[in-house]
Each structure stands twice: as structure tokens, then as C-alpha cells.
Amino acid sequence: MSLLKNVRYHFMKDLGAPALMRFSRLKKKKRPTNPNPNFGPSLKSANRLKEIMARHYFLSRYAEGAKPVAWVTSGAPVELLRAFDFYTFYPENHGALCGAKKMGPELCAIAEEHGYHQDLCSYARIDLGHYFSGITPVGKLPKPDLLFASNNICQTVVYWYKALAHYWKVPLVLFDTPYNFSTITEHDISYMVRQFEEMIPLLEQVSGQRFNYKKFQEIIRIAKEGSLTWGEVLATMKSQPAPMTIFDAFGHLAPIVSLRGLPVTLEYYRILLDELKERIEHGVGAIKHERKRLMWDNIAIWYKVRDLSDIFAAHGMNFVTATYTNAWAETIYDLDVNQPFESMAKAYSLVILNNNLTNRLELMERLIKEYRVDGLVIHSARSCKPYSVGQYDLARLLMDRFNIPSVVIEADITDSRVYFEEQTRTRIEAFFEAMEI
Amino acid sequence: MTRKEYLMEQKEEKGRKLFGIFPAYYPKEILWAMNVLPVEVWDPPLEVNHANAHLQPYICSVVKLGLELILQGKCKDIDGLLFPHTCDSIQNLASIVSDYLNLDKPCYFFYHPKAPYSAASRRYYLEELKGLVLRLETQLGALDFSELKQQVKKGHKVAALLKELYRLRACSELTASNTDFYQIIRRGEYLHPDDFLPLLEEFLSISRGHSRKGPSVILSGILPNPPEVLKILDKMGVRVADDDLLNCGRRLLAPESRNEDPFEAMAEDYFGMPPCTTKNSSLKARADYLFKKIERSKAKAVIFYMVKFCETELFDVPHLVEELKNRGLATLLIDSEVNQGLSGQLETRVEAFVEMIS
């Protein structure tokens, strides 16, 4: 690592980034607002969230050469990397951001020009499109020194990161998590623990730092607390009216995904939780007239979050729970500072997408009951096969068991070229009719 | 004898259990040793109808056809199903079948570790083999260790014959047509080794000889379906000199382990197999392997036999195509549903490609 770049990074961290945040706050105040009458007041914490994420992306430009940089998959046990002080960057989070900024088609098309088929995951195509073009809404991404992937969310990340490793010419560390077809066994856990042990020398080599067990334990503690607090944040939506919507939560999810194990995440969720509790106390709902409560399944349709949010809110329908946002509150809280490797193996291998469909059905049943869900909206995402394969059966089984309407939206997470507005509208309208019966 | 007749004979006369096996890698020797005939499910000749109620339009036809086979009740004589961990779609299909369909058949799952391989991967694979045996024993009774040793040896005999066939073909010393070659090879997807071995021996003895002249190509991808492409290649005098197909060369050409312990031998065989994207082999390993094949056979081109929506394979293709082009080799990408047959457009593309390399 370069001393000069290190000094520059710390200067930007301590002075540059705070100054930028102050400037952006001033700029924001001048903007006129036109609130949607169907929604309650916006969450004040959202501004803090924007600052945290903007700072994260801003600082990433200066991390290169100053700190070891790792590109990480959303389900990977990042706590281990934090012990080596890696600056972590999440291509999936960047993909979601590109999707929300409606840049998905442009970046996907660039990857397609280089031979990557349109049938491939659009997060991956966005990332590869960025590699070939340098285009990103955040100015510049830091070049990775290391890639860290886990197939606990899909096998796709393995193929995708393998391509990244080839292009960036950096090592790829894979955390291989056996799929939980029926039960996770001791030998599955031992395999995962041994992988952690085998990774450490490479992480030491790339980062130039020795593994510090005590520091690692402290990171595990913070990650666990962060996940628990995120869980509490989500649980506030059990209240009627719910103080926020899942569409809000899609945004508030960013720290637990990208900054897990860092104190800032924990601090942020405590602020958010306080605000939500206050709302509950004063009966403030995220939407003004919450008549029906819905569950969302799968990753967000990032380019349509606002539109869908408005459409459903106009009908008094609020999304109060989602399997997607729940994923970071579901198992990570099981981390144990006294058994960090074993607990990390269990927590990360039992996440929703690495678990059998009986588990998913039970989870959804529990969420429907706890959040008093009246209807189910299923996003069948072309990009995400482990999330999508099985959804038709899940919808049928849940409808049978709870007698609640459901709708399947065939779309994609970021590639709006496969989103069919009229077809989706028709399906949603039919769903609204079913909800009113 | 048809495949169906053969399977019923195995069940009724030889007393063997029948297991439906989904793609791709599994320890068949364990099944043979437990008197089970593995019957692989790649491209059953069916029209997809019922499976569409369970699977989205963007799921590959191998997965859809496998489910269709079950839903049409064509697995009623099957005694169990085995799902190796090959890709996201097969992983979730396994769970749909096991968790949601209420089948009265036991479903088994087999996880193989992903590369890069380390000491932990090898240990895990060995434990997985033994774990599978334990699970199977609850249905099939105890495994006879000496029988397993015999079956591992038998598996090595099959592999040795297949390798010899591949070697002769690469060296232009095999007279068989492309169509005949793959028809024989693919019968290994359901024949018992006691029947497959003599078939291979006979095929070898009658097929030795100079291959006909003409440009040669390598096949890469998933499986040689639609088979009509092979017929066009035969008709136009193009010789398939070798392949890197998931359901053929990639699984069949492992170096045979000499280890006396059958579990160790199976593990060594597995880790010695050619690189494969389903096992997370690196792009370099895959490209190097293809180039070795090209060098040995002096092939002029590579045809990628893709299955539409197969993310697993599609991710590797851009790099492989680029590397091949950099070396002056022609490539053709066939991206089709299995059993789709040959459209006029695809036929024209294949013919134009052959004319280009001739």
C-alpha cells in the first residue's frame, strides 16, 4: 500500500467526505419537494442513510492503493475481511444503484456486446459492462485487490466472479457453502470452517496484515448487533399502520449489506429504530390510509420501486414484509463471538437462498402470520434463479393455506428491457380486484 | 430392445432398482454396488406441458424436461431420484420435487465441492461419498465394500475404453460417423456396465480404421442435442474430432485412480476430471483444456452446443470464444432448447459455418 495514497485516503475520510456531506445537505435544502399525498411524512433518517452510502462510494475512490480493496458478494461472510481492514465494495449493491438510476440497459448492453448473453444475471452484466466501459453513476469504482464470493446466494456469483478474476487479474476467494437440502451436517460445517482457516494466509498476504483474533471477535459482535437491530427495524412493520414500507426498507438495507460489521451500520440502525418507534408511538404510518398489508418476495425491481410504491399506496396497500430484506436479519444474528468460525459457517450457509424450499415456505408462513399479511406479490426475477425457481409452487401453497390472493410479476431486477408495463399493470389490477373481495 | 424395455428387464429379471439421476456428476459406482441402475435424465423425448406450471419460461429445457418426466408419471417404475448439485436450477428443482410434489420416491441430493480445490475440498468430497452411502443404506441395505471395489474397477474399465475411443477419434483412426459415435457413448447414460462394456468393445473393434477426410471440429457445451446437427456435419463431411461436452467428454475422460481404497479412488477420479464450469474451474483451465484437444486433433473450429438459459455455461463462453479467435480458430454458437430439432435458420447457419472452415 502506498503511504501517499494512505494519507490522501485519511484526509478524504476525515475532512473531504464530511465537507462533501455538509455541502450536499445545503444543496438538498434548496430543492423543492412535492410530497405524494398517499404517503405519510418521509423518514428523517433517510438523509443520514444517503450520507453514509454517498460517503462509502466517495471514499472508495481513494481506497485504491491506500487500503486493500475487496469486491464481495452480498451473502459472503465479510466479517473475516474486516479483520484485515479491507475496504469492501459490493457489485450487487452497485448493480442495484445502477438499476435504480435506470442505467441497467445501457451497462447490460455493453456486456452483451462483449459476448455476455442477455439471459445472464443483469447484476453481473452491469458489473461486466462497467468493467468494459468504466461507466458508473458513482464516478469511479476502486480496482479490487481481491474478490471474495460465496455461493450461498447463487452459483451465478461464482461464474461472474470467475470472469472478474480473469479480467482484473486478482485472486478470487470462494467460500463454498453446501446447499441445505434437508439438514446441515457437522461435516458441512467442518468443511466451511476449514475453508476459513485455509483463506487466512491469502488474506494476510493480500492485506499485509496478520490475523487478529480479538479484532475479529469484536467485528463479529458488531455484525451480530447490526443484524439484530436491522431485525428490530423490520419488526416495527408489524405495527398497524406500519411506520415504513418495504420499498423504504429496500433502501435502508444498504448498510447491512455493504457495511456489515462496521460500527456505522449499528449506529445508523439505532437511529432509524428510534425514529420508527417514535412513529409507532404517535400512530404515524408510512402510507396515510393503510387498508391492506402485503408481502414482497424476491429482490426489488430497482427501476420500478418508486412507480410500484405509488401504485400500491394509492390503493391503501402497504408492503410490510419481504423475504429479501429479512435475509440479513434471518441468520446473521446467530453469530457467536466465542465460536466465530463455526457460527459464521452456520449463519451464512442457512440463509434463505441456500436453504431448501420447505424452509422458505415455513419462513413465509411465519412472516404472513406475524405481519398479518393480506396478500402476496411475487417478483419472478429472470436474473435470480435460486430465488425464482419454486415461486409458482410457493404462491399456490400459500394461497391454499392462508386463502390470500397473490400475483406474480415477471420482470428483472435491473434490466428494464424485460419489464412489460402493460402486462404488469393488468396483473396488478386483477390482484387489486382480488384483494377487495 | 428399447430403453424402456431394457430398464424393465433390469428391474424384473436382474432385480435391480432403478434410480433417475439428474445432471451431471455423481458416483455411479456406489449405485452399481448397491444393485441400483442409474438412469440419467438429460433430454427425455417429451413435450413440456405440466412443468410450465412449476417453472418460469426462462428456465432451461433440461430442467423442464426432467420435471415433465416426473409429472407425466413416467417415473413410476423408478425407485429413487438423485440430484447432484450442478446449478441453481437443478438445486431448486431438487427441492421442488422433494418438498412440494408429494412423490412416494426417496430423493437424494449430492453436493460436490467447488474449485479451487484444497485439502478441505478433498476431505469433504470423501465424506460426501460416505454420507451418500449411509443415506442410501436406509433404503437399499448395507453396502458390500468388496462389491464397491469391484464396481470401481469396472468403472475404470469403462473409462479406459471410452478414452481409447476418444483417442482414436482424435487421431483420425475411427471410422464411425458423428451420429453413431454419440449414440453409442450416450447409451452409457442408462446401460449397466456389464452391458455397456461389451457394446463399447464391439464398437471399438468394428470402428477402427482411417477416418474419412474432411475438416474436423471440437464440440463444447452441454450435450449433443439437437442431434440433427451431427447429421448435417456427417452429411457435409465434417468430423467431430473431440469434445468438451458436459454430458460426454468432461465426465467420461478422468484418469483412472490406482488407489486400492474405492472411496479414495472415486475421489481421485472426480478431482482428476477435465475442467468444468459446474465445478467452478477457472477460465484459464477451461481454455487450456480446449487448446490441448485442438492441438491433439488438429481441429479447425469449435462448435458450442449450448442449452438456452444455461447460465452455468454461458458465462464461460465469451472468454473461450475470444481465446479461440485469437488463435485463428472459428467458432459457432448453437443456443437452442433440447429436442427442439433443427430450424431452417439453424441449418443454414451450420452449413455456412461448415463452408467457411472447409
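The shown structure was predicted, so the numbers you read here are calculated from the model rather than taken from an experiment. So you know, we letter chains A, B, ... as the sequences are listed, proteins then strands, and number each from 1.
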Asker: Which of the residues B/Q91, B/E128, B/H319 is involved in the greatest number of heavy-atom pairs with chain A at under 4.5 angstrom?
Answerer: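 Max contact count across the listed options: B/Q91.
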Asker: Roughly how far, to the nearest 0.5 Å, is CG of B/L283 from OH of A/Y167?
Answerer: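 If we round to the nearest 0.5 Å, A/Y167:OH and B/L283:CG are 7.5 Å apart.
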Asker: Sort A/A149 into side chain, backbone, both or neither according to what part of it lies under 4.5 angstrom from a heavy atom of chain B.
Answerer: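 Neither part, no heavy atoms under 4.5 Å.
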Asker: If you tally heavy-atom pairs under 4.5 Å against chain B, which of A/D188, A/V408, A/D393, A/T358 wins?
Answerer: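 So the answer, after comparing A/D188, A/V408, A/D393, A/T358, is A/D393.
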Asker: Once you round to the nearest 0.5 Å, how far does CG of B/N92 lie from CG of A/N356?
Answerer: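 Rounded to the nearest 0.5 Å, the CG-CG separation comes to 10.0 Å.
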Asker: Specify the closest pair of heavy atoms between A/S380 and B/Y58, including all atoms of both residues, with the distance to one decimal.
Answerer: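 Nearest heavy atoms, A/S380 then B/Y58: OG-OH, 2.6 Å.
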Asker: Check whether A/C384 gets within reach of chain B through its side chain, its backbone, both or neither, counting any heavy atom under 4.5 Å.
Answerer: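 Nothing of A/C384, per the 4.5 Å heavy-atom cut-off to chain B.
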Asker: Please look at B/C310 and chain A and tell me whether the side chain, the backbone, both or neither of the residue comes under 4.5 angstrom of a heavy atom of that chain.
Answerer: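 Neither part.
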Asker: Has B/Q345 got more than 12 heavy atoms of other residues, nucleotides or ligands less than 6.0 Å from its CD?
Answerer: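 No - once you tally the heavy atoms of other residues, nucleotides and ligands closer than 6.0 Å, there are 12 at most.
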Asker: Which heavy atom in B/P113 sits nearest to a heavy atom in A/Y191, and how many Å separate them?
Answerer: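 Answer, listing the atom of B/P113 first, then A/Y191: CB-OH, 3.3 Å.
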Asker: Look at B/V317, B/V321, B/D316 and state which one has the largest set of heavy-atom pairs under 4.5 Å with chain A.
Answerer: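 Ranked by contacts with chain A, first place is B/D316.
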Asker: Grab the two heavy atoms, one from A/G115 and one from B/P318, that are nearest each other, plus how far apart they are.
Answerer: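 For A/G115 and B/P318, the tightest heavy-atom pair comes out as O-CG, 3.3 Å.
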Asker: Roughly how far, to the nearest 0.5 Å, is CZ of A/R382 from CZ of B/F309?
Answerer: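 Between B/F309 CZ and A/R382 CZ, I get 5.5 Å after rounding to 0.5 Å.
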Asker: What part of B/Y125 lies closer than 4.5 angstrom to a heavy atom of chain A: side chain, backbone, both or neither?
Answerer: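 Answer is neither: B/Y125 stays 4.5 Å or more from chain A.
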Asker: Report yes if the side chains of B/V63 and A/K385 come closer than 4.5 Å at any heavy-atom pair, otherwise no.
Answerer: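 The answer is no; the side chains never approach within 4.5 Å.
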Asker: Below 4.5 Å, heavy-atom pairs only: which of A/Y116, A/W160, A/Y159 has the largest tally toward chain B?
Answerer: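 Ranked by contacts with chain B, first place is A/Y159.
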Asker: Sort out for me which of A/H117, A/Q195, A/R194 touches chain B most, counting heavy-atom pairs under 4.5 Å.
Answerer: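 Result: the option with the highest number of such pairs is A/R194.
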Asker: Between B/K114, B/E127, B/Q56, B/R123, which shows the greatest number of heavy-atom pairs under 4.5 Å with chain A?
Answerer: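 Heavy-atom pair counts peak at B/Q56.
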Asker: For the interface with chain A, which of B/K284, B/K308, B/E322, B/H112 has the highest count of heavy-atom pairs at distances below 4.5 Å?
Answerer: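 Most heavy-atom pairs within the cutoff with chain A belong to B/K308.
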Asker: Which answer fits A/L397, side chain, backbone, both or neither, if we ask what part of it has an atom under 4.5 Å from a heavy atom of chain B?
Answerer: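 A/L397 touches chain B through side-chain heavy atoms alone.
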Asker: Tell me whether B/K279 at atom NZ has more than 12 heavy atoms from other residues, nucleotides or ligands lying less than 6.0 Å away.
Answerer: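 Atom NZ in B/K279 is packed in, count exceeds 12.
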Asker: For B/S282, which atoms come within 4.5 Å of any heavy atom of chain A: side chain, backbone, both, or neither?
Answerer: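 Contact with chain A involves the backbone of B/S282 alone.
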Asker: For a quick test of reading the model, state the closest non-hydrogen atom pair linking A/L357 to B/S95 and the distance between them.
Answerer: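 A/L357 and B/S95 have their closest heavy atoms at N-OG, 2.8 Å.
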Asker: So which of A/L394, A/L172, A/L120, A/D119 has the largest heavy-atom pair count under 4.5 angstrom toward chain B?
Answerer: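 Looking at each of A/L394, A/L172, A/L120, A/D119 in turn, A/L120 comes out on top.
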Asker: Measuring heavy-atom distances to chain A, does B/A119 have an atom under 4.5 Å in its side chain, in its backbone, in both, or in neither?
Answerer: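 Both backbone and side chain.
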Asker: For a quick check under 3.5 Å, do B/N280 and A/Y161 share a side-chain donor-acceptor pair by atom type?
Answerer: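 Distance-only check fails for B/N280 and A/Y161.
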Asker: Measure distances from B/H85 to the heavy atoms of chain A and classify the residue's part below 4.5 Å as side chain, backbone, both or neither.
Answerer: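 Interface part for B/H85: side chain.
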Asker: Contact between B/D88 and A/V389 at the side-chain level, heavy atoms closer than 4.5 Å - yes or no?
Answerer: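 Counting from C-beta outward, B/D88 and A/V389 never come under 4.5 Å.
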Asker: Measure distances from B/F315 to the heavy atoms of chain A and classify the residue's part below 4.5 Å as side chain, backbone, both or neither.
Answerer: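 Both backbone and side chain of B/F315 come within 4.5 Å of chain A.
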Asker: Non-hydrogen atoms of chain B under 4.5 Å away: do they reach the side chain of A/E410, the backbone, both or neither?
Answerer: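 It is the side chain, since no backbone atom gets that close.
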Asker: Where along residues 150-157 of chain A does a heavy atom come under 4.5 Å of chain B, listed by residue number?
Answerer: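 Contacts with chain B: A/N151, A/C154, A/Q155, A/T156.
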Asker: Among B/L55, B/T312, B/I59, who wins on heavy-atom pairs under 4.5 Å with chain A?
Answerer: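 Looking at each of B/L55, B/T312, B/I59 in turn, B/T312 comes out on top.
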Asker: Is there a donor in the side chain of B/S118 and an acceptor in the side chain of A/E198, or the other way round, less than 3.5 Å apart?
Answerer: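 Short answer, yes.
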Asker: Taking C-beta and beyond as the side chain, do A/L361 and B/Y100 meet within less than 4.5 Å on heavy atoms?
Answerer: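 Yes, side chains in contact.
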Asker: A/F181 vs B/F109 aromatic rings, parallel, tilted or perpendicular, using cut-offs 30° and 60°?
Answerer: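 The arrangement is parallel - the two ring planes meet at less than 30°.
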Asker: Check the pair A/D176 / B/Y111 against side-chain contact (heavy atoms from CB on, under 4.5 Å), numbers first and verdict last.
Answerer: CA-CA 11 Å; A/D176 182 22; B/Y111 193 86; 2.4 Å; yes
Asker: What closest approach, in Å, do A/H187 and B/Y124 show between heavy atoms, and which atom pair accounts for it?
Answerer: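 Smallest heavy-atom distance, with atoms named: CE1-CE1, 3.2 Å.
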